[in-house]
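Just so it is clear, the structure is predicted and the values come from calculations on it, not from any experiment.
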Amino acid sequence: MQRKEIIVIGTSSGGIDAMKALVSELPPDLKASIFVTLHVAPTLLASYPRYLSAQALCPPRTPKTGSV
C-alpha cells in the first residue's frame, strides 16, 4: 500500500496572517496534501481563498457540499 502524507492546518479568522506566512514557506516540491480549515463567518468564506492565493503555490479552493 502506498503511503500518503497529509498536513492539516486549522485557525480562526484571527490567524489568517500566520496561515498566509506558513503557506508561503511550503516548498514547491512538497509531497503531501494540505487541508486548511478556517473558522470564519459564512459571509466571509468566499474571500479567504483569494487572500491565501497570493502566497500559495497552488490555488486554494473552497469545498462544495457533497464534494469529495
- Mind checking side-chain contact (heavy atoms from CB on, under 4.5 Å) for Leu22 and listing every partner two or more places apart, or none if nothing turns up? Ile9

- Task: Could you walk me through whether Ile34 and Ile6 pass side-chain contact (heavy atoms from CB on, under 4.5 Å), step by step?
- Result: CA-CA 6 Å; Ile34 302 171; Ile6 298 173; over 6 Å; no

- Query: What residue pairs, at least two apart or across chains, pass salt bridge (Lys or Arg N to Asp or Glu O under 4.0 Å) with a residue in residues 4-14?
  - Reply: Arg3-Glu5

- Query: Under a 4.5 Å side-chain heavy-atom rule over Ile, Leu, Val, Met, Phe, Trp and Tyr, are Leu26 and Phe35 clustered together?
  - Reply: no

- Hits for side-chain contact (heavy atoms from CB on, under 4.5 Å) against Glu25, two or more places apart or cross-chain, chain-then-number order -> none

